[in-house]
Amino acid sequence: MLDVALVSLIQDMSEKAGVEGTIQYWLRVGENLARRMGKEAYMGWPSFNVALREGRTAFSIEGDVTALTDLAITDVDGDVVGYIYALRECVFNPTITRIRYSVGEVPEADRLVAEEYNNSIRDTAVCNFCVIHQKFRDEVAKNITVAGQQLESYQLADRGFTGETKIDKPNLKKIGVNEEYVRSLLRNYACVYAIIMHGARLKGEEEEE
Amino acid sequence: MRKKDLVKDNPLVDVAAYLFLEDIADKQGAAGMNTYLMSLAAALARSMPEEEYESWEDFVDALKNGDSALSTFEEVEMPTKHCVVTVESPFLRGWQEYTKRIGNFASIHYEVAEYYNSTVKPGAIDSQDIIIQTYRAEMAKRIKVEGKQLRVAHIATVAPDGTKKIAPDEWLPILLEKAGISQTMLNMIMRNNASVWIVYTE
């Protein structure tokens, strides 16, 4: 119920504080949530990936996340510095369905908040909750170390309730993954992201320089 | 789609909502949080379509089946014509995920309930009760049965940790009489349910 109530408030909040105000609120919520989860440390990628599979990491609150271990990300020296992860169902989709069958329709502010976020911060949101969720991931990654290295999250692609997709091409280029491949992942997953060791020298970034 | 078919929410959304409310409380204190909780619930009720029923029996059927907006978010049982029992708190899943992932439910959620009890109505254990009780009261204003305005009143609530809050002693006999249950029956119901309330028309 809290999820549906919160959405009914977005319209009111956006009218009073503006969609920019709602975005600032949501960013803070995502940040607070990650901070409250605490820190984690793993000996290596296998232990992190097992923890993720078993629902023990802060990321696991998202739901059913699959570590695509066939998609290891390597740095310029060929060392594995991260993996691609895929979330089966968007965390906000159940809420949208619940709104549809309880209230009737999702308020327009949902779309407006996502659009403003895409224009002013990064073009990766398909709904208002992407603002909280993506910020949460960014901050959670900073609280986790793998082999003593802090992590970093790269949003790659996501698919919304109505089928709209967003693909972050600059991030794909940095990690050297083909756009069409990630698009094909969206047939079976709702959200795709990479978790990488912070400061890793990625091939794509070196080429840009 | 009926209530029982509604998909479950994702706990991330609920936990984020709790933190959003805590963020409000950091800035505005218990009074500000209480205002926000009540407007949140009122806004939700206002977004629901109005309802009208030709007979009390039609309304009771809709309520029990989850077809009324009053029971959209809760699974209810009705031991008598006017007594409604919520089997499981609609916030249970979010609360469980919060306590699992973050820790103890923040004290502000209880402090705001104390504020609500002293300034609005004595019936809440935590912030969740303020939302659901306000929602029920506001939603009832949008429902007519046999042409008369529906009303709700709260008898008791049981928190996820088992804490109970029963209506004040001076109100209880009247509420129990309207509900058509005894004090012993109330205690029996509270053992394994989340809240007890009544629906009636003047």
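Since the structure is predicted, the reported quantities are computational estimates derived from the model, not experimental observations. Every chain is numbered from 1, with letters handed out A, B, ... down the list of sequences.
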Quick check: do [X] and [Y] have side-chain heavy atoms less than 4.5 Å from each other?
X: A:Ser8; Y: B:Arg46; value: no
X: B:Leu44; Y: A:Val103; value: yes
X: B:Phe20; Y: A:Leu33; value: no

Just wondering, are more than 12 heavy atoms of other shown residues or ligands nearer than 6.0 Å to [atom1] in [X]?
X: B:Glu177; atom1: CD; answer: no
X: B:Asn192; atom1: CG; answer: yes
X: A:Asp70; atom1: CG; answer: yes
X: A:Glu20; atom1: CD; answer: yes
X: A:Glu15; atom1: CD; answer: yes
X: B:Lys27; atom1: NZ; answer: yes

To the nearest 0.5 Å, what is the distance between [atom1] on [X] and [atom2] on [Y]?
X: A:Met1; Y: B:Ile131; atom1: CE; atom2: CD1; result: 7.0 Å
X: A:Phe92; Y: B:Leu12; atom1: CZ; atom2: CG; result: 11.0 Å
X: B:Phe73; Y: A:Arg98; atom1: CZ; atom2: CZ; result: 7.0 Å
X: B:Leu19; Y: A:Glu31; atom1: CG; atom2: CD; result: 12.0 Å

- [ ] Would you mind telling me which of B:Leu21, B:Leu40, B:Ile24, B:Ile102 has the largest number of heavy-atom pairs within less than 4.5 Å of chain A?
- [x] B:Leu40
Task: chain A interface, residue from B:Ser39, B:Pro11, B:Pro90, B:Ser47 that has the most non-hydrogen pairs under 4.5 Å - done: B:Ser47
Tell me, for [X] versus chain A, whether the close heavy atoms (under 4.5 Å) come from the side chain, the backbone, both or neither.
X: B:Tyr18; result: both
X: B:Phe91; result: side chain
X: B:Ala17; result: both
X: B:Glu22; result: side chain
X: B:Ala16; result: both

Open item on the list: When you compare the side chains of B:Tyr98 and A:Arg36, does any donor N or O come within less than 3.5 Å of an acceptor on the partner?
Closed with: yes
Task: Closest-packed option against chain B by number of heavy-atom pairs under 4.5 Å, given A:Val4, A:Leu9, A:Val91, A:Val29 - done: A:Val91
TODO: Look at A:Met37, A:Arg100, A:Glu105, A:Gln11 and state which one has the largest set of heavy-atom pairs under 4.5 Å with chain B.
DONE: A:Met37
Task: Test item: B:Asn10 side-chain N/O and A:Glu62 main-chain N/O as donor-acceptor pair under 3.5 Å - done: yes
Open item on the list: Does any backbone or side-chain atom of A:Asp3 lie under 4.5 Å from a heavy atom of chain B? Answer side chain, backbone, both or neither.
Closed with: both
Task: chain B contact via A:Leu2 - which portion, at a heavy-atom distance below 4.5 Å - done: both
